[in-house]
Amino acid sequence: NILHAWWPGGLIIGGLLGSLGGFMFALAQAAVQPDLFSPNITFFAYTVLILGGGVGGNVAASLLRKRLPRAHRVVLVEREERYVFPPYFLWLMTSQYTPKRISGPLDALKKRGIELIRGNVERIDPQARTVKVNGIELTGDYLVIALGAELAPETIPGLAQAGHDI
């Protein structure tokens with residue numbers, strides 16, 4: 001489920017594990033556009049929409065906010081209230097960590113100048129440069145898709161009944 005396509009004027013990237021690598025490619029691609037990263041040129045204010053607040057989206061938002069002048073908006077769209085760090089699931093399973101220790105509130109990103117919109121992505125329209133979230137159209141100049149994976153244990157006979165999802 002990996003998507004690499006050009007958004008008119010920006011880059012759409014995403015996928016299960018490729019979102020962070022794709023983001024780095026997008027960052028490198030955007031770096032060739034000096035008006036995006038230059039602190040001296042703020043004639044245009046761009047909006048970067050980041051879909052997904054997991055590892056890829058969180059890192060993308062944080063790095064872009066650090067690198068971009070404040071005139072540019074960094075907007076993160078996520079349906080959950082808390083960020084969970086999946087590599088720590090092993091310690092959670094063995095009771096060495098608690099759920100609170102491996103997660104944190106996404107609202108903390110607001111303190112860094114990242115706008116947070118909580119909701120479900122319903123539609124992406126590359127031609128209009130819009131993303132529909134909870135019935136509201138968001139418009140952006142650049143788009144990062146880092147939605148992660150949806151588990152579907154029902155697709156494997158017996159797994160939903162016998163398996164455990166943490």
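Of the inter-residue distances, the one linking Leu138 atom CG with Arg129 atom CZ reads 15.0 Å to the nearest 0.5 angstrom. Here OH of Tyr142 is found 13.5 Å from CD1 of Ile50. Values are rounded to the nearest 0.5 Å. The CG atom of Leu76 lies 6.5 Å from the CG atom of Asn58; values are rounded to the nearest 0.5 Å. Note that CG of Asp125 and OG1 of Thr130 are 4.5 Å apart. Values are rounded to the nearest 0.5 Å. Separation of atoms OG1 (Thr94) and CD (Gln96) is listed at 3.5 Å; rounding is to 0.5 Å.
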Please tabulate, one pair per line, all N/O donor-acceptor pairs under 3.5 Å involving side-chain atoms of residues 113-124, not counting sequence neighbours.
unit_1, atom_1, unit_2, atom_2, d
Glu115, OE1, Arg73, NE, 3.4
Glu115, OE1, Arg73, NH2, 2.8
Glu115, OE2, Arg73, NE, 2.8
Arg118, NE, Glu80, O, 3.2
Arg118, NH2, Asp107, OD1, 3.4
Glu122, OE1, Gly135, N, 3.2
Glu122, OE2, Asn134, N, 3.2
Glu122, OE2, Gly135, N, 3.3
Arg123, NH2, Glu137, OE2, 2.4

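When the side chains of ILVMFWY residues are joined at heavy-atom separations under 4.5 Å, either directly or via intervening members, Leu159 and Phe89 end up in two distinct hydrophobic clusters.
Proximity of a side-chain donor or acceptor of His72 to a complementary backbone N or O of Tyr46 within less than 3.5 Å is detected.
The salt bridge (charged side-chain N to carboxylate O under 4.0 Å, His left out) test applied to Arg101 returns no partner, not counting sequence neighbours. Applying the ring-ring contact (aromatic ring centres under 6.0 Å, His included) test to Phe85 and every residue at least two apart in sequence or in another chain returns Tyr88.
By the 4.5 Å heavy-atom criterion applied to side chains, Ser62 and Leu109 are counted as neighbours.
The two residues Leu92 and Thr98 have their closest heavy-atom pair at CD1-C, 3.7 Å.
A side-chain N or O of Ser103 and one of Arg82 form a donor-acceptor pair less than 3.5 Å apart.
Within 6.0 Å of the CZ atom in Arg70, the count of heavy atoms belonging to other residues, nucleotides or ligands exceeds 12.
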